[in-house]
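These values consider heavy atoms only, across backbone and side chains, with no hydrogens, waters or symmetry-generated copies.
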Amino acid sequence: MIVIVIYILFIIIYALFKKVNAFESFSKGIENNYKTVINIFPTIMVLIIAINVFINSGIIEIFRSLFPKSIFAPELFLQAFLRPLSHSSALVMMVKIFEEYGVDSNFGNLSSILQGCNDTTVYIIALYFGSIKMKNIGNSLKIGLLNDVLTFLFLFFLGLVFIMQKWPFFAP
């Protein structure tokens, strides 16, 4: 809390030194940020609705029936799918993996690696390109999603190696 007070005092003293109306500058900054929030709100709302529809659609049960738990956790597929869309949704899947398999399990470790190696590609592109009203995203989405797919394939390979070999530093 003291750091915030010191920072605010620094801004006020700097504004007095430079002879700038700090309150007016602060008001203009808020006005500009308000316009930015209005521009990006529809994009964020669409992403939130799409993710909630996906999670509540029953797809988790379908993945559980398709993939046996002994080789690869079905929740990892969902986490890998959600990670480019939403950090918090992928984090929820990671917590579910922790609850079901344990934090120090193979699947828990793979989930942690997945959460740390990917970024929210679609969210970042939608937010940043949408906020400046840029329609042509070029190869940004392709390269970002290719990175996500390659990360997941490498993670799948690691999972198979660690689970089949039962390496001591990655033991369940």
(message) Count I, L, V, M, F, W, Y as connected when their side-chain heavy atoms are under 4.5 Å apart, and connections chain through other members. Are V92 and I113 then in the same cluster?
(response) no
(request) With rounding to the nearest 0.5 Å, note down the distance linking CE in M94 to CZ in R83. (result) 9.0 Å
(request) First locate atom CD1 of I13, then atom CD1 of I8, and finally report the distance between them rounded to the nearest 0.5 Å. (result) 12.0 Å
(request) Quick one: pull up NZ in K96 and CE in M93 and give me the separation to the nearest 0.5 Å. (result) 5.5 Å
(message) With a 4.5 Å cut-off on side-chain heavy-atom distances among I, L, V, M, F, W and Y, is there a chain of contacts connecting L91 to F81?
(response) no
Using residues 149-159 as the side-chain source, report each donor-acceptor pair under 3.5 Å to any protein atom, sequence neighbours left out, with the distance given to one decimal.
| residue | atom | partner | partner atom | Å |
| --- | --- | --- | --- | --- |
| T151 | OG1 | N118 | OD1 | 3.3 |
| T151 | OG1 | N147 | O | 2.8 |

(request) Report the distance from atom OG1 of T121 to atom CD1 of I143, rounding to the nearest 0.5 Å. (result) 11.0 Å
(request) Kindly give the heavy-atom pair with the smallest separation between S105 and G108, and that separation in Å. (result) OG-N, 3.0 Å
(request) Quick one: pull up CG in L78 and CD1 in I97 and give me the separation to the nearest 0.5 Å. (result) 8.5 Å
(message) Does this structure show an ion pair linking E24 with K28, if we count only N-O contacts that are shorter than 4.0 Å?
(response) yes
(message) With rounding to the nearest 0.5 angstrom, report the CG to CG distance, D104 to N109.
(response) 6.5 Å
(message) Taking S111's backbone N and O only, do any of them form a donor-acceptor pair with Q79's side chain (distance below 3.5 Å, no angle check)?
(response) yes
(request) Find out if a path of hydrophobic residues (ILVMFWY) with successive side-chain heavy-atom gaps under 4.5 Å connects L9 to I6. (result) no
(request) Using the test side chain to side chain donor-acceptor pair (under 3.5 Å), find all partners of T120 that sit at least two apart in sequence or belong to another chain. (result) none
(request) Test F129 against S140 for side chain to side chain contact (heavy atoms under 4.5 Å, CB included), laying out the working first. (result) CA-CA 10 Å; F129 285 104; S140 302; 3.7 Å; yes
(request) Look at the side-chain heavy atoms of Ile, Leu, Val, Met, Phe, Trp and Tyr, link any pair under 4.5 Å apart, and say whether F77 and Y101 land in one connected group. (result) yes
(message) Are F41 and I49 connected into the same hydrophobic cluster when the rule is that any two of I, L, V, M, F, W, Y join if their side-chain heavy atoms are below 4.5 Å apart?
(response) yes
(request) Could you identify which residues cluster with I30, counting Ile, Leu, Val, Met, Phe, Trp and Tyr as linked when any side-chain heavy atoms lie under 4.5 Å apart, either directly or through a chain of such contacts? (result) F26
